[in-house]
Amino acid sequence: MVVLAERGPLFDDLRGSDVEVEVRPLSVLRRSLASVAGFASISAAAARDSVALSRLIRERNVALVHSNTSVVLGGAVAAAATRRPHVWHVREIYSRFTRQWPAYRRALRSAAALPCVSAATAAQFGGPSDRVRVIYDGLALDPRRADPLVARQALGLHPRIPTITVLGRISDWKGQDVLIRALAEKPLRDRGAVGVIAGDVWPGAEEHRERVLELAETLRVDGRLRLIGFRDDVDNVYGAADLVAVPSTAPDPLPGAAVEAAAAGCTVIASNHGGLPEIIRDGETGRLVPPSNPRPLAQVAAELLDDRAARERLGAAAAADVRVRFAPDRLLTAIQSLYDEVLTG
């Protein structure tokens with residue numbers, strides 16, 4: 001069975017596959033809680049979670065507890081209280097955690113196994129070991145690129161202007177500001193390149209969007225920036241993009257935006273840190289640039305905008321590579337094998 005913190009699209013998907021699903025309020029770790037006070041607050045909430053989860057584990061005679069690091073501590077406490085093995089899936093790089101990280105790392109190490117979504121994530125624990133495994137996420141969908149002319153018409157974009165797109169939540173570390181600064185650099189300014197931001201902010205974090213707009217106005221690139229919000233027609237977003245940038249300023253564990261854009265055959269330019277070098281191979285399946293630096297992003301983007309053959313070569317190589325390494329069957333096989341080892345061990 002699966003316990004979710006809220007009812008959303010995943011709930012319907014699971015129920016449609018005849019999976020038993022429970023929705024319960026759970027303490028969820030947000031980056032905004034990356035402080036001593038925030039960690040104390042989330043720990044207290046997790047203690048409350050564990051009471052209900054322990055009852056559920058006993059009632060359903062659960063053999064193994066598998067939880068994600070975004071839902072904090074409650075699963076670990078409940079697993080310990082009911083003496084069930086705990087698999088704790090690590091999906092974060094805790095570079096922003098300072099004083100509280102050692103305590104949280106000790107809690108994580110209490111698990112029977114720590115599957116990590118990337119080698120960069122596993123490095124927080126000294127790298128892979130008997131307990132720490134690197135298990136890449138599998139593609140949750142089959143991303144495709146729509147016809148460029150059709151896609152640009154759907155998004156209201158000029159059919160021929162060079163376009164660089166960033167997909168994902170607008171935040172202070174996903175790098176939308178780096179794209180805007182790159183648009184102001186001479187290589188992209190001379191080419192009249194347009195930046196497209198596909199995504200929006202968390203409710204209550206509207207100040208991130210305002211800062212993006214203010215920066216674009218200050219740098220006088222607001223006329224070459226399009227904020228299109230979240231789109232269900234992601235095939236049009238991919239199809240309309242000459243390039244997809246993933247300019248994360250903080251190490252990203254394994255950004256789905258990069259995996260999915262590469263699988264769709266887009267030409268991806270990504271920051272050279274976190275899990276991104278495990279998705280994109282520089283010069284082979286995309287390009288890697290130094291993080292938080294708009295100048296090399298602008299230069300590499302300009303070179304690729306001038307070389308359609310290179311874009312097509314990199315995009316095709318990325319699709320062929322990523323669709324194999326991040327195939328859903330690989331993820332399922334690895335997780336089942338881990339469960340077997342933990343339960344027999």
Side-chain angles (χ1 to χ4, degrees), residues 30-35 37-38 93 95-96 98 151-152 154-158 161-234 236-238 240-252 255-258 261 266 268-274 276 287 289-302 304-305:
R30 305 293 186 199
R31 290 177 184 270
S32 59
L33 296 172
S35 65
I93 294 176
S95 57
R96 293 189 177 188
T98 53
R152 290 192 176 211
L155 300 184
L157 298 171
H158 191 281
I161 289 179
T163 303
I164 308 165
T165 299
V166 172
L167 297 93
R169 185 78 63 178
I170 298 176
S171 72
D172 61 352
W173 68 281
K174 284 292 188 180
Q176 287 90 359
D177 60 315
V178 180
L179 172 64
I180 292 169
R181 295 181 191 280
L183 291 175
E185 293 287 329
K186 188 176 187 301
L188 295 184
R189 187 174 67 244
D190 288 351
R191 287 162 178 78
V194 168
V196 175
I197 295 177
D200 214 328
V201 297
W202 285 108
E206 287 75 14
E207 72 275 7
H208 294 310
R209 187 196 304 113
E210 296 307 313
R211 283 202 289 267
V212 162
L213 294 171
E214 289 172 6
L215 178 62
E217 185 176 358
T218 299
L219 297 177
R220 299 182 179 178
V221 298
D222 47 315
R224 294 191 287 119
L225 183 69
R226 307 286 185 272
L227 271 64
I228 62 174
F230 282 113
R231 303 280 304 203
D232 292 328
D233 57 338
V234 185
N236 283 328
V237 178
Y238 294 142
D242 291 308
L243 301 169
V244 170
V246 189
S248 308
T249 58
D252 214 332
C266 296
V268 178
I269 305 175
S271 295
N272 191 14
H273 63 172
L276 282 164
R287 292 298 305 274
V289 294
S292 304
N293 191 338
R295 187 161 296 172
L297 173 59
Q299 186 60 51
V300 170
L304 288 170
L305 289 173

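Along the sequence shown, residues carry numbers from 1.
Checked by atom type, the side-chain pair T163/R226 shows no donor-acceptor distance below 3.5 Å.
At distances below 3.5 Å, not a single donor-acceptor pair connects side-chain atoms of E214 with backbone N or O atoms of V212. Between the side chain of T165 and the main chain of V244, no donor-acceptor pair closer than 3.5 Å is present. Of the possible donor and acceptor atoms, none in the side chain of R287 sits under 3.5 Å from a partner among the backbone N and O of V300. With hydrogens and angles ignored, the 3.5 Å screen pairs a side-chain donor or acceptor of Q176 with a backbone N or O of R169. A donor-acceptor pair under 3.5 Å links the side-chain atoms of S171 to the main chain of W173, judged by distance alone. The backbone N or O of L157 sits nowhere less than 3.5 Å from a side-chain atom of R152 that would complete a donor-acceptor pair.
Across S271 and S248, no two heavy atoms sit closer than the pair OG-O, 2.9 Å. Heavy atoms only, all atoms of each residue included: P187 and Q299 are closest at CG-OE1, 3.7 Å. What you find for I161 and D242 is that their closest heavy atoms are O-OD2, 3.9 Å. Scanning both residues, L225 and I180, for their nearest heavy atoms gives CD2-CD1, 4.0 Å. Across every non-hydrogen atom of L276 and A258, the tightest pair is CD2-CB, 3.6 Å. Here the shortest heavy-atom pairing between E185 and A298 reads CB-CB, 3.6 Å.
Two residues are said to be in side-chain contact when any heavy atoms from C-beta on lie closer than 4.5 Å; I228 and L155 meet this criterion. Counting only heavy atoms from C-beta outward, the side chains of R209 and L227 approach each other to under 4.5 Å.
Interatomic distance, CZ of R191 versus NZ of K186, reported as 8.5 Å (0.5 Å rounding). Taking CG of L219 as the start and CG of L183 as the end, the distance is 9.0 Å to the nearest 0.5 Å. For the atom pair CG (D222) and CG (L215), the distance works out to 10.5 Å, reported to the nearest 0.5 Å. Remark: Y238 OH to D233 CG distance equals 11.5 Å, nearest 0.5 Å.
The number of heavy atoms from other shown groups lying within 6.0 Å of CG (D232) does not exceed 12. Under a cut-off of 6.0 angstrom, the local environment of CZ in R231 is crowded, with over 12 non-hydrogen atoms contributed by other residues, nucleotides or ligands. Residue E217 qualifies as open at atom CD: its count of foreign heavy atoms under 6.0 Å is 12 or below.
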Between L167 and V237, is the side-chain contact (heavy atoms from CB on, under 4.5 Å) condition met? List the steps.
CA-CA 9 Å; L167 297 93; V237 178; 3.7 Å; yes
List the steps and the verdict of side-chain contact (heavy atoms from CB on, under 4.5 Å) for V221 and R189.
CA-CA 9 Å; V221 298; R189 187 174 67 244; over 6 Å; no
Run the numbers on E207 and V201 for side-chain contact (heavy atoms from CB on, under 4.5 Å), then give the verdict.
CA-CA 9 Å; E207 72 275 7; V201 297; over 6 Å; no
Given the rule in the side-chain contact (heavy atoms from CB on, under 4.5 Å) test, do L188 and I164 qualify, once you have shown the distances and angles that lead to the verdict?
CA-CA 10 Å; L188 295 184; I164 308 165; 3.7 Å; yes
